[in-house]
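Heads up: the structure comes next, in structure tokens.
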Amino acid sequence: MATLPNPLPLLDLPPGTLVDTTIDDPWHEPLLWYADEPAQPGDWARLRATGRPLGLLPVLVDGGRRAQWPEDWDLNPAGTSYPGDHDAEDVLGEFWEEYASDELEDGAEWPGLAPTPSASASETPDELAAEMADQLAEGTRLALVPARRSADIPAAIGWSGPLNYESDVARLCTVLRSWEDRFDIRVVALGFDTLTVSVGRPPTTAAEAGALAAEHFAFCPDNIDAAPPNGLDAYAEKYLLGQETWSFWWD
């Protein structure tokens, strides 16, 4: 995806691992670097200041209970398209048509994209992401990924976390781009099958949250199914209204 030379092999980075392991053969260049030592508060902001001018963005990586670090993630960059080649509303609408009739009781039609909330956080999106990263640092490690925008980080490494739901993660990154534009999200953490984003412009009314809940269902139905009480209205009230962190998990 990157149009400029990958700077990762040229940097003098702290002790860590350059990952080129994929589900098939080794990739022709490192997909990411991640640190040997656990992340500490303040690391995210420092790493972003170093990497951003070079086309590198930070993300926390989480090995989970099974200690599955990125070289064990079945990365598939060869099977990943480019997020800019898709349309967020088309992607979400397709998912909605495929899953809503079976998993939602009311059988509602796809309502379209939610409007941009009127209010935003006092911090910039990157400041908020750094705060969230500090809060999530325990048990994770900092990584650097060659990517131009935060929403593209999963596609840049060929992340396969949602494989059982969508084999081309770039389609989901298209949605993340739209959320980046409308909700000031930043990709903060990735695990084997988990994704966490900070939200600089969360919904502040029940109507805003309700409209967004449909997008979250289309993006990751497992979130609604695994977050009792089930149903979009309950999910919107508990997990979206005023919430500055969104987390996703694919079965």
Side-chain angles (χ1 to χ4, degrees), residues 83 86-136 149-151 154 161-162 165-166 171-191 193-251:
H86 310 283
D87 178 82
E89 183 156 14
D90 289 346
V91 169
L92 290 171
E94 290 173 18
F95 287 146
W96 180 273
E97 292 298 327
E98 184 172 355
Y99 293 97
S101 60
D102 293 334
E103 301 191 32
L104 294 179
E105 293 181 358
D106 56 14
E109 295 184 359
W110 167 239
L113 297 183
T116 301
S118 56
S120 60
S122 57
E123 304 101 327
T124 69
D126 292 323
E127 289 171 343
L128 181 62
E131 290 181 11
M132 295 298 174
D134 287 350
Q135 294 174 20
L136 297 170
R149 54 191 294 177
S150 180
Y165 183 62
E166 171 56 56
R171 283 165 49 83
L172 296 181
C173 287
T174 300
V175 178
L176 293 176
R177 282 185 169 202
S178 181
W179 289 350
E180 197 174 72
D181 294 338
R182 288 180 290 142
F183 301 100
D184 288 341
I185 69 103
R186 295 291 186 269
V187 174
V188 173
L190 287 174
D193 54 8
T194 58
L195 165 70
T196 301
V197 304
S198 61
V199 188
R201 189 185 292 267
T204 57
T205 68
E208 290 176 347
L212 178 59
E215 293 190 35
H216 275 230
F217 173 83
F219 186 78
C220 181
D222 291 329
N223 255 34
I224 283 76
D225 295 339
N230 301 125
L232 295 187
D233 290 341
Y235 177 85
E237 181 179 1
K238 184 172 183 180
Y239 295 100
L240 300 181
L241 187 60
Q243 297 300 309
E244 294 181 337
T245 306
W246 301 340
S247 296
F248 302 93
W249 164 78
W250 288 267
D251 191 1

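Just so we're clear, the structure is a prediction, and the values are computed from it rather than from any experiment.
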Answer whether the closest heavy-atom distance between the side chains of [X] and [Y] falls below 4.5 Å.
| X | Y | result |
| --- | --- | --- |
| Val197 | Val188 | no |
| Glu208 | Ser118 | yes |
| Trp246 | Leu240 | yes |

Distance check, rounded to the nearest 0.5 Å: [X] atom [atom1] versus [Y] atom [atom2]?
| X | Y | atom1 | atom2 | result |
| --- | --- | --- | --- | --- |
| Ser150 | Leu176 | OG | CG | 8.0 Å |
| Leu113 | Leu212 | CG | CG | 10.0 Å |
| Tyr239 | Asn223 | OH | CG | 8.5 Å |
| Leu195 | Leu172 | CG | CG | 9.0 Å |
| Glu97 | Glu94 | CD | CD | 9.5 Å |
| Ser178 | Leu92 | OG | CG | 7.5 Å |

Can you tell me if [X] uses its side chain to pair, donor with acceptor, with the backbone of [Y] under 3.5 Å?
| X | Y | result |
| --- | --- | --- |
| Trp110 | Ala214 | no |
| Ser247 | Thr196 | no |
| Arg186 | Pro125 | no |

Heavy-atom closest contact ([X] atom, [Y] atom, distance):
| X | Y | result |
| --- | --- | --- |
| Pro221 | Ala218 | CD-O, 4.2 Å |
| Ser198 | Met132 | CB-CG, 3.7 Å |
| Val91 | Arg171 | CG1-O, 3.7 Å |
| Leu232 | Phe217 | CD2-CB, 3.8 Å |
| Phe183 | Pro117 | CE2-CD, 3.3 Å |
| Glu244 | Pro202 | CG-CG, 4.3 Å |

task: Look at atom CD of Glu166 and say whether more than 12 heavy atoms of other residues, nucleotides or ligands are closer to it than 6.0 Å.
output: yes
message: Tell me if the CG atom of Asp181 is crowded by more than 12 foreign heavy atoms within 6.0 Å.
response: yes
task: Quick one: which residue pairs count as a salt bridge (Lys or Arg N to Asp or Glu O under 4.0 Å) with a foot in residues 110-125, not counting sequence neighbours?
output: none
message: Quick test of your reading: applying salt bridge (Lys or Arg N to Asp or Glu O under 4.0 Å), list the pairs with at least one residue in residues 197-206, sequence neighbours left out, ordered by first then second residue.
response: Asp184-Arg201
- request: Apply ring pair (Phe, Tyr, Trp, His ring centres under 6.0 Å) to Phe248 and list each qualifying residue two or more places apart in sequence or on a separate chain.
  value: Trp179, His216, Phe219
